[in-house]
Protein chains: 2
Amino acid sequence: MLTLSTPARTIREVLEKRSGRPRRKRPSQYHHGDLRRALIEEALRTIQSDGVRGVTLRGVGETLGVSRTALYRHFADKSALLAAVAREGFRTLRLQTLDAWNQGGRDWAAFESMGAAYVRFAVRNPAHYRVMFGGFVVGSADPELDQEGAGAFQALVDAIVSLQRDGLMREDEPLQLARFVWALVHGVAMLQIDGLLGAEADAEAFTRFALERLRTGTGRN
Amino acid sequence: MLTLSTPARTIREVLEKRSGRPRRKRPSQYHHGDLRRALIEEALRTIQSDGVRGVTLRGVGETLGVSRTALYRHFADKSALLAAVAREGFRTLRLQTLDAWNQGGRDWAAFESMGAAYVRFAVRNPAHYRVMFGGFVVGSADPELDQEGAGAFQALVDAIVSLQRDGLMREDEPLQLARFVWALVHGVAMLQIDGLLGAEADAEAFTRFALERLRTGTGRN
DNA sequence: ACCTGAACACCGTTCAAGT
DNA sequence: ACCTGAACACCGTTCAAGT
């Protein structure tokens, strides 16, 4: 029965029966509910090292020691997995920007730190940031993702309202101002990630310059 | 010879010989050097209608009536085709923004028109814009793409220098100012494309607001 | 030169089946 | 409930072969 032409799969099955334990990476845990978590973390790891295009359900499954279709017990499809990864990103982004704002004195300098923290997150996690904004999450309609994104945005709105209360920022509609600031830091981050600032440009110096002009504008008064 | 089991291909070949003209979309031209052009245009059409992910070498080839590998005579790979599409985008972007700048009086209003034209191009051609900035063009090292991108950027730099000469813009380093403006319009465009402005937000009004704040800043003087 | 067609090594997803 | 394995319908790319 166990001839040379026996598929490797069959041999492994025999060995697993023998030892009483499969030879894959600790699969028993996944029967207890943390495969979902493991899938998100492995997807994120792959994204950081190889980019979004490197994420394959086959690869993720193999690394975790489960079949390539096990994922469908926890996510509707691949896009839903990426949406979960994006959600993690917005959460981290909110925590890091809020930290910069609160650590500072909630003045304009703290607001600039907040912006710098935003850009720093994007530049340090370019592939992750691209998953959050690159249009990879299709089919949409992930309410939890929308909620997490809205949470990160709200941190910005709150800071702006605070600055207005202290007479440090223009009395425009806070939402409109928040969109403006978001667009700027998003643009600064994207240009840096895409390497479009030019070789001679100092990325950090440019971020500082951009945050200064955010306050003063570019016109000559 | 021409039995029921004869492949359709053979039948078509016979018909083509008969009529003296092939039944595919004018393939004879492709022997004269415009398959490259046709591939770019068909790829762009597919991008506009179905997004980048809808572009397959098989689909493009089939529509044009050539084999799915014919492309490799004109492009190194799929990424090189997308790079050519991106190049077209930067060319159009430069022409449209320059037009807005020149049609206006080269004053600050014209500069805002230039910014609005930039955002308009992105919003009207979201999938195309994403090809230009979404990190789809990998492997990089397409000098012609870099050159076209640099050309679009130079139009912005020139406008800024002109404004400075007329005493309308701050006397900062023009390159740094150009990067700042680019980051802002890029951010505004991306947020609109990604539908991240919120349902109640008026996209055009926001663009106007953003371009005003570009001049005045957000701080309270 | 330019294009074809088969082959290769991949994909995501579905689904009946196993425990 | 949770996971598997085979099957399906796709991909991009290579390459010998045709004209």
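Note on naming: letters A, B, ... go to the chains in the order of the sequence lines (proteins, then strands), and numbering restarts at 1 for each one. The analysis underlying the following values was restricted to heavy atoms, covering all of them including side chains, and did not include hydrogens, waters or symmetry mates.
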Side-chain-base donor-acceptor pair under 3.5 Å for Arg68(B) and dG12(D):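 Flag unset: no donor-acceptor pair detected.
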Side-chain-base donor-acceptor pair under 3.5 Å for Thr69(A) and dG12(C): no
Contact summary for Ala70(B) and Leu35(B), nearest pair of heavy atoms: CB-CD2, 4.1 Å
Residue pair Val157(A) / Pro174(A): nearest heavy atoms and the distance that separates them: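 Taking Val157(A) first and Pro174(A) second, the nearest heavy atoms are CG1-CB, 4.5 Å.
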If I take atom [atom1] in residue [X] and atom [atom2] in nucleotide [N], what distance separates them, rounded to the nearest angstrom?
X        : N       : atom1 : atom2 : value
Phe75(A) : dT14(C) : CZ    : P     : 16 Å
Arg36(A) : dC2(D)  : CZ    : P     : 12 Å
Leu39(A) : dC2(D)  : CG    : P     : 13 Å
Leu82(B) : dG12(D) : CG    : P     : 10 Å
Arg53(B) : dG12(D) : CZ    : C1'   : 15 Å
Asp77(B) : dC11(D) : CG    : P     : 17 Å
Arg58(B) : dA6(C)  : CZ    : P     : 13 Å
Asp34(A) : dC2(D)  : CG    : C1'   : 13 Å

[X] has a side chain; which of [options] sits nearest to it?
X        : options                  : answer
Leu57(B) : dC3(C), dT13(D), dT13(C) : dT13(D)
Arg73(A) : dC2(D), dG12(C), dC3(C)  : dC2(D)
Ala70(A) : dA7(C), dC3(C), dC3(D)   : dC3(D)

Touch class at under 4.0 angstrom, heavy-atom based, for Thr56(A) against every strand present: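 Counting heavy atoms under 4.0 Å across all strands, the contact made by Thr56(A) is with sugar-phosphate only.
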Sugar-phosphate only, base, or nothing, as touched by Val60(B) at under 4.0 Å among non-hydrogen atoms: nothing
Residue matched to dT13(D) through Watson-Crick or wobble contacts both under 3.5 angstrom: dA7(C)
Identity of whatever pairs with dA1(C) - Watson-Crick or G-U, under 3.5 angstrom: dT19(D)
5' precedence on DNA chain C between Gly59(A) and Ala76(A) (nearest-nucleotide basis): Gly59(A)
Phosphate OP1/OP2 of dT13(C) contacted by Tyr72(A) side-chain N/O (<4.0 Å): yes
side-chain N/O His74(A) vs dA1(D) OP1/OP2, d < 4.0 Å: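 Indeed not, no polar side-chain atom of His74(A) lies that close.
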Residues Glu88(B) and Arg37(B) bridged, charged N to O under 4.0 Å: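 Salt bridge: yes.
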Distance-only polar pair, side chains of Arg179(A) and Gln176(A), donor-acceptor under 3.5 Å: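 Gln176(A) and Arg179(A) do have a side-chain donor-acceptor pair below 3.5 Å.
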Aromatic ring proximity, centroids under 6.0 angstrom, Phe90(A) and Phe133(A):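 Ring centroids of Phe133(A) and Phe90(A) are less than 6.0 Å from each other.
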